[in-house]
J.: 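Before anything else, here's the structure in question.
Per chain, numbering begins at 1; letters A, B, ... match sequence-line order. Just so it is clear, the values below take in all heavy atoms, side chains as well, and ignore hydrogens, waters and symmetry mates. What you see is a predicted model; the values in this text were computed from it and never measured.
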Amino acid sequence: MFPYPSGSGLHIGHPKGYIASDIYSRFKRMQGYNVLHPMGFDSFGLPAEQYAIEHNIHPAIITEENINNIRSQLQFLGLGYDWDREIATSREDYYRWTQWIFTRLYNSYFDEDHIWHDANGREIKGKALSITGLAKSFADGKRTYSDEDQSILGEDANQGWADLSEAQRQAVLNHYRLAYHDEIVVNWCPGLGTVLANEEVTNDGKSERGNFPVYKRPLKQWIMRITSYADRLLEDLDAPLAQGDEREPFTLDWPAAIKLMQSNWIGRSEGAEVQFQVLKPGTQTIHSELTVYTTRPDTLFGATFMVLAPQHPLVTQGDPLYNVPEDWASDIDQRWRGDETELPLQSALAAYADRAAQKTAADREEREKTGVFSGFYAINPVNGETIPVFVADYVSMDYGAGAIMAVPAHDERDFEFAEKFGLQITEVVKGGKEGETCFSGEGTSINSPQGDQTSEFSINGLTTAEAKSVIINKLEGKELGKRAVKYKLRDWIFSRQRYWGEPFPLYSHPDGYAVAIDGPVALPEMDDFRPETSDDPDRPVQPPLHRAGEEWRTVELPDGAIGTRELNVMPQWAGSCWYYLRFIDPQNGQAFCGEQAEQYFMPVDLYVGGAEHAVLHLLYARFWHKVLYDLGHVSTPEPFKKLFNQGMITADAYQDERGVYVDIRAVELRDGEGYHKETGNRLQRTAGKMGKRYKNGLPPEEVGEEFGVDTLRLYEMYMGPLEASTPWSMEGIRGMQRFLQRVWRNFVDNDGAIRIGGEPTEFQIKRMHQTNLRVTDHIEHLRFNTAIAALIEWNNELVGEDCIPQIVAETFISLLNPLAPHIAEELWFRAGWGEGVLSHKAWPKADKAMAAEDVITLPIQVNGKMRGQIDVAVDISEEELRERVLNMENVKKFIPEGAQLRRFIVVPGRIVNIVVG
RNA sequence: GCCGGGGUGGCGGAAUUGGUAGACGCGACGGACUUAAAAUCCGUUGGCCGUAUCGGUCGUGCGGGUUCAAGUCCCGCCCUCGGCACCA
């Protein structure tokens, strides 16, 4: 997953996933695969723009600066990307294709009745088809207007397609398009001057960025009809996925937890829609019909009241359906008046709806049931009983029908409400534990009418599953209800009122409909790119692009009318929905991606990134990919074959007595407690994310320069399982540095030459034991040596001899399963290099006994740094050793002209330690 | 509340998926070298007990169970991290 180019650059927590994919891609390359391992930048969007505003530099400039900075950080880390393929979502040659894909979506609709088969013979329900085809079938009379079409057309619904105005036709088509225009209630943040997605709003109703208040407000927005794909997005998480006739089908190899999160997010549920008749107050005549959705139609006999959402049209003043009696009936239970006991019915409902709208997420968390009687009664369709209709905010307008049938005996929420408002509780399912007041599980149906009272809906004795099915069939037979499937997934609001994003390739016709154009729309250069922010939630919305100048904003349309440009821009997600495709063919000026190249590389074999994108990015990208697949632009139904979520690197943060975060570099550790290096004060420690605002992240360069980049890379891989979050430790990294120094001494001789291949020397075997390689026998050693030789040979060819330590380090990761089993599994076993080469249990320790004639190798340290090694007989005299060592090229090199030899120490059998100065 | 992942030494974490628990690293302690320190190298390092270079015993959040054998499987709790959250 590519990063967004933040102004503060990368810290040591960021590269974990990049290092992992780098190692893996190098390894696959060594095995002869043609590996595409690219990198780019998600450079449009709010973070980059806010940074630009704060630093008062134009985003077009600051974004490229930040990209340069991060690119050099990545290069410093020795990450082997193909930089010729670098992309950035904010560059015109990239986002013109984002716009192009948008236009595909705009010009398509989802035909849910279209049944087709993929190359694997799997039946798929629903497909994106061309909107012109839809218009044609209206024109040809092959398709008639749906109920919704008719309500859009109103009085003209009896007119043929040809007799409709263009605006009317477009209004009908808009309501089919995968990218459509509609007025909906959004999270409006005047402080940022933009609409925000739900997940960009915090629990207490503030914006995640900047902490400004967020208001609900109806706005006309571009919306993606992702809900059309709900079923396919769900199914394909586990289905065998065809990729043409010639290649094997694949299934998604994703963490189960992520699949589950996606599945929960889509939130499919099966049940029934049931119609209840609502009575005219004070009479027995039918006033209107109320549809509810339930997953438990088997509990209909226990439905003793109904609940409407506070925004339900039946109780919303000004709505055509509004129909609330003016005042309370005299015999009403006082509890039913809710908290507005003094107000007449209509005002009480309005007051309740107002208060419900003001509630924050924190208020809702209290879950105290509140509500007001609506004045209406309804008739339960299965037993004809008259039941009261309430308004309560535990029912929300945006799910199902915004109304429910309440079954207090078998639903916890309904039960609480019934208790508080004194409503009847009728048990209709048996199976709960003794004494359980509200059983919501499955069991056996009871208490359907019997004997003289018996009803055709009676389901006594049936299991829940049987009862559901029987009731639904009967309801369908009498046209009182029907089987229905609902999703929690909402359509995706796609407009942002900002400057730094992809402009829409759309114009608005003066007659009030949108016109799409093929061809790029460049983001206009504007000195003043700031959004119009305010404290006033009701101020008219003016995206910055309205200041872009007449020339940009208007154009003559094909019919001669003057169109005005769409002034919103796309959200940050847009660019990241398809970037993996552009990596395949980044310089293509004719298409978003060449067809052959696409077929060669897709699907993405391994996609490494953080779990924070578990739902949104991955769901949006899958959605776009499926549309492109339906339209024949890509060859696979899913973009990412294997997904891996690397864990975070966490770090302790320290706060002083004022609660201000103290830079990690100014913290001194003593006995596990943090103290300020300068003031000496003890600091408050909290564990958590590494980040700029906690001042506990270090730039990779700082660590890399001190310990070596190999050490940094290897340490990050060594910290724990790649998928786990583990804390950074400045002490821990030392161990890895020592380990690499031992490795280095083992393979690089006195004069910097590499000693590999052939028979291992006794020294090497010994050294391997010491470096904890602990290779058990000769054969294994040879295999190891061959691997090293191949690695170095390959490495020299590609990047020159300078990178040897890095490649050695990587080899070690793949070899040392006891050190990094997670990596070993990926790199070693999967590579087919053989299994069980290194046993991970109880290797013999190095043999310490040595004969007098044994040759040993002594490492040589000059002023604390390892500078080479020397092979000597165990019984060499100190004098002779001293002479030989001081005459070594590698040692002389590090003794400055005229420097005095301060110390020459030999630790017998271990090391030569020289101090000069 | 619901769903999912976890609880193993002073710390990060291993344990071939039911087969010698504590690999590897950090830290700590002891030793070599040094006037000294740093660095390096060597050794020890779960608790308790003993007749102490060896032996016993207890030990993987808590309580039960299955098994020749349980960190691993089953049942019931507790804690913690992540996701969703009145979704009918």
Side-chain angles (χ1 to χ4, degrees), chain A residues 203 255-265 267-269 271 292-296 299 303 306-307 309 361 364-369 392-396 398-407 410-414 416-417 440 486-490 611-612 614-615 645 647-648 650 669 671-672 715 718-721 723-736 738-739 741-742 745 770 772 774 816-822 825 835-836 838-843 845-846 848 858-866 902-913 915:
Chain A
N203 271 345
I258 303 293
K259 284 187 180 179
L260 195 69
M261 277 165 69
Q262 292 234 338
S263 158
N264 289 343
W265 189 265
R268 180 189 157 101
S269 76
V292 300
Y293 173 71
T294 176
T295 54
R296 291 296 297 271
T299 61
M306 299 184 79
V307 183
R364 273 188 287 276
E365 210 147 311
E366 286 174 20
R367 286 159 185 272
E368 177 68 24
K369 293 286 175 291
D393 64 3
Y394 81 89
V395 174
S396 55
D398 56 3
Y399 184 78
I404 62 160
M405 64 175 213
V407 186
H410 303 291
D411 183 287
E412 192 66 41
R413 298 151 297 173
D414 298 343
E416 282 171 28
F417 193 85
S440 54
K486 297 277 173 207
Y487 302 93
K488 285 192 225 175
L489 183 67
R490 296 280 91 95
E612 67 272 18
V615 177
N645 294 122
M648 256 190 312
T650 61
L669 283 176
D671 302 326
Y715 179 61
Y718 169 74
M719 289 167 75
E723 65 271 26
S725 289
T726 40
W728 179 264
S729 155
M730 262 314 179
E731 279 70 47
I733 196 171
R734 307 279 345 246
M736 190 49 69
R738 285 199 276 259
F739 173 76
Q741 282 169 347
R742 293 196 297 260
R745 278 181 245 137
Q770 285 171 358
N772 297 311
R774 298 184 176 182
L816 299 179
N817 32 344
L819 288 176
H822 44 291
E825 188 185 46
E835 288 191 29
L838 300 172
S839 158
H840 64 280
K841 273 232 165 177
W843 291 293
K845 303 241 173 183
K848 279 182 284 183
L858 293 175
I860 299 161
Q861 196 182 57
V862 183
N863 284 354
K865 291 214 159 68
M866 301 309 306
R902 302 271 289 268
R903 181 160 51 120
F904 185 95
I905 301 153
V906 181
V907 184
R910 302 298 175 205
I911 191 167
V912 179
N913 192 342
V915 177

J.: Anti or syn, where syn is a glycosidic angle within 90° of 0; which label fits B:U53?
T.: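 With its glycosidic angle within 90° of zero, B:U53 counts as syn.
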J.: For RNA chain B, which consecutive runs of 3 or more Watson-Crick or G-U pairs (each distance under 3.5 Å) count as stems?
T.: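 Result, WC/G-U stems under 3.5 Å: B:1-7 with B:78-84, B:10-12 with B:24-26, B:27-32 with B:40-45, B:46-50 with B:54-58, B:61-65 with B:73-77.
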J.: For A:S269, answer base if it contacts any base atom (sugar-phosphate contacts may also be present), sugar-phosphate if it contacts only those atoms, and nothing otherwise; contact means non-hydrogen atoms under 4.0 Å.
T.: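 Sugar-phosphate: the residue A:S269, judged by heavy atoms under 4.0 Å, touches backbone atoms but no base.
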J.: Determine the interatomic distance between P on B:C73 and the same-named atom on B:G5; round to the nearest Å.
T.: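 Rounded to whole Å, the distance is 11 Å.
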J.: Remember a base hit wins even if backbone is also touched, and classify A:K486 as base, sugar-phosphate or nothing at under 4.0 Å, heavy atoms.
T.: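 If one applies the 4.0 Å heavy-atom cut-off, A:K486 turns out to touch nothing in the nucleic acid.
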J.: Specify the separation, in whole Å, of atom CZ of A:R296 and atom P of B:A88.
T.: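 Taking CZ of A:R296 and P of B:A88, I get 11 Å after rounding.
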J.: Please state how far atom CZ in A:R268 lies from atom P in B:C3, giving the value in whole angstrom units.
T.: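 Whole-Å distance recorded here is 20 Å.
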J.: How many Å lie between OH on A:Y715 and P on B:G13, as a whole number?
T.: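 That distance rounds to 10 Å.
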J.: On a whole-Å scale, what distance lies between the C1' atoms belonging to B:A70 and B:G56?
T.: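 Per the computed distance, 23 Å lies between those C1' atoms.
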J.: Taking the C1' atom of each, how far is B:G71 from B:A21, in whole Å?
T.: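 Rounded to whole Å, the distance is 7 Å.
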J.: Please measure how far the P atom in B:C24 lies from the corresponding atom in B:G63, and state the result in whole Å.
T.: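 About 31 Å, rounded to a whole number of Å.
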J.: Would you verify whether the NZ or CZ of A:K369 falls within 45 degrees of the ring axis of A:Y394 while also being under 6.0 Å from that six-membered ring's centre?
T.: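 Geometry flag: set, cation within 6.0 Å and 45°.
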J.: Rounded to whole Å, how long is the line connecting atom CG of A:N264 with atom C1' of B:C2?
T.: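 Result: 9 Å.
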J.: With sugar-phosphate meaning primed atoms plus P, OP1 and OP2, does A:D393 contact a base, only sugar-phosphate, or nothing at under 4.0 Å between heavy atoms?
T.: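 If one applies the 4.0 Å heavy-atom cut-off, A:D393 turns out to touch a base.
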J.: Quickly work out the A:M719 CE to B:G25 P distance and round it to whole Å.
T.: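 Those two atoms, CE and P, are 17 Å apart.
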J.: Could you tell me how far apart A:E723 (CD) and B:C81 (P) are, to the nearest whole angstrom?
T.: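 Answer to the nearest Å: 20 Å.
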J.: How far, in whole Å, is B:U8 from B:U72 if one measures between their P atoms?
T.: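 Between the two P atoms, the distance is 13 Å.
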J.: If you only use heavy atoms from C-beta on, which nucleotide in B:A88, B:G4, B:C86 is closest to the side chain of A:Y399?
T.: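 It is B:A88.
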J.: Is a side-chain donor or acceptor of A:E416 paired with a backbone partner of A:E368 at a separation under 3.5 angstrom?
T.: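 No; judged by distance alone, with no hydrogens or angles, the pair does not exist.
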J.: To the nearest Å, give me how far apart CE (A:M261) and C1' (B:C81) are.
T.: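 After rounding, the reported distance stands at 13 Å.
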J.: Check whether A:R490 reaches the backbone of A:D398 with its side chain - one donor and one acceptor, N or O, closer than 3.5 Å.
T.: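 Checked: pair present.
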J.: Of the nucleotides B:G12, B:A88, B:C84, which one has an atom closest to the side chain of A:P727?
T.: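 Among the listed nucleotides, the one closest to the side chain of A:P727 is B:G12.
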J.: Out of B:C3, B:C86, B:A88, which nucleotide sits closest to the side chain of A:K369?
T.: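 Nearest to the side-chain atoms of A:K369, counting from C-beta on, is B:C86.
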J.: What contact category does A:V395 fall into here, base, sugar-phosphate, or nothing, at under 4.0 angstrom with non-hydrogen atoms?
T.: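 Here A:V395 touches the bases of the nucleic acid.
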J.: Between B:C3 atom P and A:Q262 atom CD, what is the distance in whole Å?
T.: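 After rounding, the gap between these two atoms is 20 Å.
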